[in-house]
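Note sheet for the following structure.
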Amino acid sequence: MCITRRAEIACHHEPVPELVGPPVVGLTVVEVDGCFHIFNPATKRAVALNETASQIWRLSTGEHDVDDIVAALAEHYGLGHDAIEKQVRATIDELCAEGLYAEAATR
Amino acid sequence: MTAPVSHRLAVNLLGSVFELDTDDAATLADVRRLWQPFLEAAADPSGAAAVAVRLDEASAPQRLQHFATAVNAAALDAAPHFAVHAGVVAYDGVAVAMPAVSGTGKSTMTAACLRRGFRYVSDEALCLSYDDGAVLPYPRPIALSPWSVDAVGASGRGTPVVGEYLLTAEDLGSARHEQPTRLGHLVILDRREATVPALHPEARPSGVTLLLQLSFNHYRRPEDAVRLAADVIAGAVVWRLEYSDPLEAADLLWTSFVGERPQP
């Protein structure tokens, strides 16, 4: 997936966590009833996020990896990790494709 | 000695001034009646540069149609407000917006609402001030198909143009709402076959999306448009209106938003 940036690589060979975000600078972000609308001046597109995507966006600070976000949503919805991981990754990919993450813009 | 007849007639739509140029006095009279809220007094020009609109079409309906189409599109594109494709009516200082694309019944529903007691704001655009989110009137002539004229009980009224009629609020037994107001309700039109009208609450974020999707001119100030759409919807209620008959639906909107009608 394209939206994550790798954490600073420590001197070992354990899997490196994929951090999600942070948002690219300059976005216009508004929230109504827990759902975000985001305008990206670089693409001149406005993106409407549903409730689940908005929760993912809220956690896309560059401090959480995909597993953190999946775990948070799994707990919120009372679902298993595997049940929502695919959807979370797909949503993050869409947010990436919209150019909303800082690292995505440099890849 | 008689004064020379002047064929100058200027209208100011949302800050854009258009000067009509035609040799036909009847067309001038029609424009004067239908665009009365927008007439610019010759002795009191706005100072804005006027766009000349020459009407050379063969028939009066064609000339009026040309004028209506030309000035509406240009005015909305250049409007200094956030303009969204929508029918808008008002009651007690509260605006009700029905955003929809052309051909989906918003003008018919607007006309039906006027027949049922609402005041007229626009059948074409929800204009929101970037300064304070106020709904600004844009009471252009209401364009109805012959079917719509019949459906709202207004047969025989209005001025014919090509394939439709142009009517004022007064033609429909109502009046214009002339003051800026606030958006109280956003109604998503859901027209169906043979359905008893019903009003369902909708999630407000869908209203923000709709305003942005149906905007004429958000691209001019996109960041402000997104903020304004969210601010305005945060202070409104979003509904979905299932209906078949526009007058029955307008009755439902009235009783839901305003209250029961007094019994005769």
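Per chain, numbering begins at 1; letters A, B, ... match sequence-line order. The structure displayed is predicted, hence computed values, not measured ones. Computation of the quantities below employed the complete heavy-atom set of this structure, encompassing side-chain atoms and omitting hydrogens, waters and symmetry-equivalent molecules.
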Q) In terms of heavy-atom contacts, does CZ of B:Arg116 have more than 12 from other residues, nucleotides or ligands at under 6.0 Å? A) yes
Q) Can you list the residues that meet the side chain to side chain donor-acceptor pair (under 3.5 Å) rule with A:Gln87, with sequence neighbours excluded? A) none
(Q) With a strict 4.5 Å heavy-atom criterion, list every residue of residues 240-257 of chain B that contacts chain A, or say none. (A) none
**Q.** chain B neighbours within residues 71-83 of chain A, where any heavy atom lies under 4.5 Å away
**A.** none
Q. For chain B, which residues from residues 30-43 of chain A lie under 4.5 Å away (heavy-atom distances)?
A. A:Val30, A:Val32, A:Asp33, A:Cys35, A:His37, A:Phe39, A:Pro41
Q. Does atom CD of B:Glu178 have more than 12 heavy-atom neighbours from other groups under 6.0 Å away?
A. yes
